[in-house]
Amino acid sequence: MEMTGTLSYGAAYETKVEQQIKTIFANYIKSDGLFKDRNVLSSTWVPNRILHRDAEVLQISSLLAPALRGYKPNNVFVYGTVGTGKTITTVSVLNELNKAAKANKRDVKAIYLNCKMKRVSDTEYRLLAQLIREFGEAVPETGLSTASLYQKFFDAVKGKHVIICLDEIDALVNKIGDTFLYNLTRSEQSLSIIGITNNLSFFDNLDTRVKSSLGEEEIIFKPYNAVQLKDILMSRVGQAFSMPVDESIISKIAALAAQEHGDARRALELLRVSAEFAERNGDSVITESHVDFAAERIDHDRITEAIKGQPKQSQAVLASIFAVKDSAANGGSWKDTRVLSTDVYAMYRKICERVGLKSLTQRRVSDLIGEFETFGVIETRVISRGRYGRMREIIVHLNEQMKLKVQKLLAEEGL
DNA sequence: AGTCCACAGGAAGGGCAGGCGA
DNA sequence: TCGCCTGCCCTTCCTGTGGACT
């Protein structure tokens, strides 16, 4: 969008729109509305006390404690689905460890790195460079060989007890392989690694030597239940909002989030978006309908964004799933009809022909269907129909309303 | 009990685009 | 700028599989 110079509109438009914009800005400046501090509802905000993770905090602390007495802690592998508190729990223990080390003058350093950070820690070079910078040494963006970076890093580490926490370690390994981990775990220095991931199968694909060394200790974070989510939300309400929030609203949000996967990130997001709805409506408290709106909005955004970002082929596959489901439902209940991969592929071929798209092989389409499963749009399971073969049954996780929206979106893409 | 269906999904490799070092 | 490397998408080939049918 061009933002230079003065743009000119019709005079009437100008006065009306300008007035609106002024009002919005003025209202915003006057107060942060219902919010006192929005950051409190961010999933990365680390609270003073982490609720319902006492056992995990204790476990991680006692695993890392040996560093304070000059021993090398075991490597730890932390696993849990999204929003189970893996990161904030680990980070807060690392913070405490650093504090304790400083207070007792121990040469212990705990470093946290998110491996998904683009341009910071997504290649071997950048990751090493980032680690070296943590020790206050300058490293050029590019130019050094990886070997000399390793040398620099091991020099920096020498004599210290270093704990490196690699969050989303699966993303790292997918990108640069596991030699990096191998090199670190094999080092002579007192170097411990905490790997955090929500992808358990990732662990199985590692080099066996890395696996045995990284998996010295394993900690699994279970999803929160509704009661725990409620506690977590309640603990943040006071700091986040300048308004009171009814307990029944919190319960509702907790229940919704627990239904899904016990995901605290989602619970917090629901609370924040509900409040934003209330605020935009000019209401002074959150009501149930705000929560309903928020839940629908979040679902909608998540799914439509996921679909919009897909390549044409994937969109065609999704359109095929919908088309088969529609014809199978045949005016009956959309919700209960199930779809078979065979039919989807046949429909996909037809759609490709119609829109002039080169059709992919069944093998590939099978993988594309699998990808939609990771978005949570569909769920599949392998069924056998005896003499009539073995195939995947596809269950679509969208209500009628969402379905119409997605179909509209696909239609806009020409499918 | 054995056969056979029709796809799931692993393995290997081709082709292409984009990134990177020289 | 060029050539090499790497990652990604996709195909081909292949083995495995649960249960209806014979």
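Predicted, not measured: the structure shown is a model, and the values here were computed from it. Convention: sequence-line order gives letters A, B, ...; per-chain numbering from 1.
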Length of the line joining A:L357:CG and C:dC10:C1', which is rounded to integer Å: 14 Å
Nearest-Å distance for atom pair CD1/C1', residues A:I383 and B:dA6: 12 Å
Nearest-Å distance for atom pair CZ/C1', residues A:R387 and C:dG18: 14 Å
Gap between atoms OH and P, on A:Y345 and B:dG9 respectively (whole Å): 17 Å
Rounded interatomic separation in angstrom, taking CZ from A:R381 and P from B:dC7: 18 Å
Neighbour count >12 (heavy atoms, 6.0 Å) for atom NZ, A:K102: no
Phosphate OP1/OP2 of B:dA8: any A:S341 side-chain N/O under 4.0 Å: yes
B:dG9 phosphate, OP1 or OP2, under 4.0 Å from A:R390 side-chain N/O: no
Of A:E371 and A:R363, the one whose closest DNA chain C nucleotide lies more 5': A:E371
Length of the line joining A:K358:NZ and C:dC9:P, which is rounded to integer Å: 15 Å
Distance test, side-chain N/O of A:T361 to OP1/OP2 of C:dT11, below 4.0 Å: yes
Nearest-nucleotide pick for A:R364, side chain only, options being C:dA20, C:dG16, C:dC10: C:dC10
Closest to the A:V382 side chain, choosing from C:dG19, B:dA8, C:dC9: B:dA8
SB check A:D326 A:K403 (cutoff 4.0 Å): yes
Ring centers of A:F241, A:F35 separated by less than 6.0 Å: yes
Between C1' of C:dC10 and OH of A:Y348, the distance in whole Å: 11 Å
Protein-nucleotide distance (A:D367, atom CG; B:dG9, atom P), rounded to Å: 9 Å
Proximity to the side chain of A:Q362 - top-ranked nucleotide from B:dC7, B:dG9, C:dA20: B:dC7
Pair A:H290-A:S274, side-chain donor/acceptor within less than 3.5 Å: no
Closest to side chain of A:L360, choosing from C:dG18, C:dA20, C:dC10: C:dC10
A:E96 bridged to A:K99 by N-O distance under 4.0 Å: yes
OP1 or OP2 of B:dC7 under 4.0 Å from side-chain N/O of A:Y388: no
